[in-house]
Amino acid sequence: MSLQIYNTLTRKKEEFKPVNEGEVGMYVCGPTVYGDSHIGHAKSYVSFDVIYRHLRYLGYPVLYIQNITDVGHLTDDADEGEDKIEVEARKRKLQPMAIVERYTRSYFEDMDRLNILRPDISPRATGHIIEQIEIIKSLIEKGYAYEINGSVYFSIEKFRDYGKLSGRSLDEMIAGVRVDSKSEKRHPADFALWKKAEPEHIMKWQSPWGEGYPGWHIECSAMSMKYLGEHFDIHGGGIENQFPHHECEIAQSEAATEKPFAKYWMHNNMVTVSGQKMGKSLGNFVTLKDAFEQFHPLIIRFFILQSHYRSPLDFSNEALAAAKKGYDRLVNTVLVLRQRIDLNQNGDAVPIDPETYKSKMIDAMNDDFNSPQTIAHLFDLSREVNQYLNDGKQYSTSSLQKIEELFLEFGNTVLGIIPDSIEMTSTINGAIDADLIQLLIDVRQEARKQKQFALSDMIRDRLKELGVLLEDTREGTNWKRTK
RNA sequence: GGCGCCGUACCCAAGUGGUAAGGGAGAGGUCUGCAAAACCUUUAUGCGGCGGUUCGAAUCCGCCCGGCGCCUCCA
């Protein structure tokens with residue numbers, strides 16, 4: 001089966017056909033860096049990371065752009081609020097760029113721990129003011145935008161297709177928009193491309209309309225088109241940005257270029273916390289740094305990928321604890337497999353056909369990136385492998401290696417959940433540790449031979465307290481880290 | 001109020017026309033000095049409810065009930 005992608009624009013799955021043979025362009029709305037990232041960010045960026053990884057796995061050269069919003073995202077989308085970063089800067093008595101720097105670093109830290117591949121380019125909005133101004137100028141020239149008192153607004157009535165992404169009509173928009181008599185907009189649903197800066201405003205730039213700053217939507221049009229061209233493959237983001245953010249992006253981009261903007265629009269669903277939406281005002285935020293205290297980042301990643309990216313995901317400690325057990329089971333199989341490979345035994349090939357699994361997993365991923373289905377196949381594989389590893393027979397090392405490669409191909413390369421090495425899931429490191437543990441295992445083995453079980457159990461118990469779990473098998477004692 | 005999504009076992013969660021994946025939890029068993037891990041068996045004649053289309057529906061259509069999202073900041 002060829003790759004099928006659910007396109008929000010058409011509301012159905014479509015076969016993926018790249019705009020250009022040479023390269024796939026993918027743009028995903030990045031974070032506004034005014035606070036620590038939360039589990040909602042994790043779901044979004046893990047989802048698109050897997051999409052990026054799978055496209056690369058299929059052999060597409062992908063150029064992945066994810067912006068950093070460091071200006072223009074207002075606290076109120078009626079274009080009347082303050083800039084989120086300035087608000088935070090004032091609160092902390094820091095310069096806005098210090099806030100931006102701090103939370104950009106924090107963001108990448110968290111994303112790295114989640115084993116998310118860095119985008120190829122992480123452009124900042126403030127670094128692309130000129131590009132944004134150019135688009136706005138062209139929109140004014142073409143009659144799609146108008147200037148009033150140093151601000152520029154996009155006139156949605158001029159753009160016939162406004163509403164095509166979110167399925168809204170202009171009439172609905174008028175009904176839905178907050179009535180504000182003070183507004184200088186011609187139509188209540190018009191949106192700001194450029195805002196005049198008041199004297200006390202810190203982040204501002206010179207423009208043909210005086211000192212000001214860009215609106216939120218325009219940065220994504222400017223940066224996506226700068227790096228990917230006017231018509232490119234995939235534009236992604238959270239479903240809550242479908243309207244108004246992405247709708248506005250389409251309007252301003254297509255009006256400016258007179259070409260279709262992104263070909264496939266992809267939206268990931270939201271995270272709820274114990275059944276409720278996670279929101280600033282609700283105060284039920286779970287930051288990633290907090291979540292990582294309780295659960296290893298890869299478990300959180302696994303938990304996210306156990307549901308589909310377009311499904312909502314409910315975050316709770318119980319659900320995470322259940323995911324951890326399943327995750328451990330999967331990783332345990334790989335650990336045991338590796339330990340068996342290290343023994344370098346001879347024997348028949350393991351009677352598992354990697355190609356059957358491989359094609360099932362590719363099909364699952366090709367079906368709109370169905371990671372839960374792919375994980376289910378990994379569990380099937382895991383159970384079958386465990387059967388053979390437990391049957392007392394010896395199998396050829398090369399056939400075991402083929403199985404390990406299969407685990408890595410999908411568990412690591414595509415899904416990014418299974419680590420390359422044991423150390424990756426551990427907080428303790430170092431070869432000396434491993435050698436010392438092996439020494440204790442050997443001593444304990446000797447004690448067991450002599451039936452000194454009190455001593456052998458003590459070694460096992462004390463090691464467990466230190467975060468090292470021993471498991472006796474026919475082939476000897478295996479160990480793994482639990483902290 | 002407008003637009004849209006969802007409702008699958010005790011919990012989480014795939015499946016969108018061909019007779020219900022997977023994980024967790026529970027029960028029984030095998031292995032083991034014990035434990036842990038692993039494996040085996042078992043847990044939905046049924047997919048919110050009621051109608052309809054069809055040889056056939058969890059999947060398509062209609063109505064009803066329940067939950068959620070967007071329309072205000074959000075990934």
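Letters A, B, ... are given to chains in the order of the sequence lines, protein chains preceding strands, and every chain is numbered from 1. Worth saying up front: this structure is predicted, and the values here are computed from it rather than measured.
- The P atoms of A20(B) and G24(B) are separated by 23 Å, rounded to the nearest whole Å.
- A straight line from CD1 of Ile299(A) to P of G24(B) spans 13 Å, rounded to a whole angstrom.
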Pick out the pairs of N or O atoms, protein on one side and nucleotides 29-33 of chain B on the other, that lie under 3.5 Å.
{"unit_1": "G33(B)", "atom_1": "N7", "unit_2": "Arg448(A)", "atom_2": "NH2", "d": "3.4"}
{"unit_1": "G33(B)", "atom_1": "O6", "unit_2": "Arg448(A)", "atom_2": "NE", "d": "3.2"}
{"unit_1": "G33(B)", "atom_1": "N1", "unit_2": "Asp457(A)", "atom_2": "OD1", "d": "3.0"}
{"unit_1": "G33(B)", "atom_1": "N2", "unit_2": "Asp457(A)", "atom_2": "OD2", "d": "2.8"}

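- Note on Gly326(A): only backbone sugar-phosphate atoms sit closer than 4.0 angstrom, heavy atoms only; bases stay farther off.
- Between the NE2 atom of His267(A) and the P atom of C6(B) there is a distance of 16 Å, given to the nearest Å.
- Rounded to whole Å, the separation between the C1' atoms of C55(B) and G17(B) comes to 12 Å.
- Along RNA chain B, the nucleotide closest to Thr333(A) and the one closest to Ala323(A) are compared, and the more 5′ of them pairs with Ala323(A).
- Contacts of Ala322(A) with the nucleic acid, taken as non-hydrogen atoms under 4.0 Å apart, involve only primed sugar atoms and P, OP1 or OP2.
- Under the salt bridge (Lys or Arg N to Asp or Glu O under 4.0 Å) criterion, Glu109(A) pairs with Lys289(A), sequence neighbours left out.
- Comparing the C1' positions of A21(B) and G15(B) gives a spacing of 7 Å, expressed to the nearest Å.
- Backbone-only engagement by Lys325(A) is indicated by non-hydrogen atom pairs under 4.0 Å involving sugar-phosphate atoms exclusively.
- Salt-bridge annotation for Asp367(A) and Lys13(A): present, with a side-chain N of the basic residue lying under 4.0 Å from a carboxylate O of the acidic one.
- Remark: Arg186(A) fails to qualify as a cation-pi partner of Tyr153(A) under the 6.0 Å distance and 45° angle criteria applied to the six-membered ring.
- Take the nearest nucleotide of RNA chain B for Ala321(A) and for Ile39(A): the residue whose nucleotide is more 5' is Ala321(A).
- Between Arg329(A) and G23(B) there is a side-chain N or O to OP1 or OP2 distance below 4.0 Å.
- For Asp36(A), there are no salt bridge (Lys or Arg N to Asp or Glu O under 4.0 Å) partners, not counting sequence neighbours.
- Phosphate proximity of G24(B) to Lys324(A): absent, as no side-chain N or O sits under 4.0 Å from OP1 or OP2.
- Between the CZ atom of Arg383(A) and the P atom of G22(B) there is a distance of 6 Å, given to the nearest Å.
- Partners of Arg160(A) by salt bridge (Lys or Arg N to Asp or Glu O under 4.0 Å), not counting sequence neighbours: none found.
- A cation-pi arrangement is present between Lys360(A) and Tyr357(A) under the rule of less than 6.0 angstrom and at most 45 degrees off the ring axis.
- Summarising the local packing, NZ of Lys324(A) is surrounded by 12 or fewer heavy atoms from other residues, nucleotides or ligands at distances under 6.0 Å.
- When rounded to the nearest whole Å, the span between CG of Leu320(A) and P of A25(B) equals 15 Å.
- Using C1' as the reference atom, U16(B) and U54(B) are 16 Å apart when rounded to the nearest Å.
- Residues of residues 385-393 of chain A having a heavy atom closer than 4.0 Å to RNA chain B, listed by number: Asn386(A), Gln387(A), Asn390(A).
- One atom, CD of Glu471(A), and another, C1' of C39(B), lie 14 Å apart when rounded to the nearest Å.
- Listed by chain and residue number, nothing satisfies the side-chain hydrogen bond (donor to acceptor under 3.5 Å, both in side chains) test with Ser122(A) (two or more places apart in sequence, or in another chain).
- Atom-to-atom, CE of Met458(A) to C1' of A35(B) comes out at 16 Å; the value is rounded to the nearest Å.
- Panel note: side chain Glu471(A), backbone Asn478(A); no donor-acceptor pair is recorded below 3.5 Å.
- Every side-chain hydrogen bond (donor to acceptor under 3.5 Å, both in side chains) that Thr69(A) has, sequence neighbours left out, goes to Asn67(A), Glu219(A).
- The strand RNA chain B forms stems, runs of 3 or more Watson-Crick or G-U wobble pairs with distances below 3.5 Å, at B:1-7 with B:65-71, B:10-12 with B:22-24, B:26-30 with B:38-42, B:48-52 with B:60-64.
- Not one N or O on the side chain of Lys43(A) forms a donor-acceptor pair closer than 3.5 Å with the backbone of Val271(A).
- Comparing the C1' positions of G56(B) and A75(B) gives an interatomic distance of 42 Å, to the nearest angstrom.
- Between G22(B) and A13(B), the two C1' atoms lie 8 Å apart (nearest whole Å).
- As a whole-Å value, the separation of Asn241(A) CG from A75(B) P is 7 Å.
- Partners of Glu475(A) by salt bridge (Lys or Arg N to Asp or Glu O under 4.0 Å), not counting sequence neighbours, listed by chain and number: Arg340(A).
- A37(B) atom P lies 17 Å from atom OH of Tyr327(A), rounded to whole Å.
- Here the separation of G51(B) from G1(B), taken at their P atoms, is 28 Å to the nearest Å.
- Residues that satisfy the side-chain hydrogen bond (donor to acceptor under 3.5 Å, both in side chains) test with Ser399(A), not counting sequence neighbours, are Ser396(A).
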For nucleotides 10-19 of chain B, give me one character per nucleotide, 5' to 3': B if any protein heavy atom sits under 4.0 Å from the base, S if the only such contacts are to the sugar-phosphate, - if neither. ---SSS----
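- Across the C1' atoms, A44(B) and G2(B) are found 38 Å apart, a figure rounded to whole Å.
- Ionic pairing of Asp457(A) and Arg460(A) is present here: one or more N-O contacts between side-chain nitrogen and carboxylate oxygen are shorter than 4.0 angstrom.
- Contacts of Arg301(A) classified as side-chain hydrogen bond (donor to acceptor under 3.5 Å, both in side chains), with partners at least two apart in sequence or in another chain: Asp49(A).
- Counting non-hydrogen atoms under 4.0 angstrom, Val28(A) reaches nothing in the nucleic acid.
- Remark: aromatic rings of Phe303(A) and Tyr327(A) are distant, center separation not under 6.0 Å.
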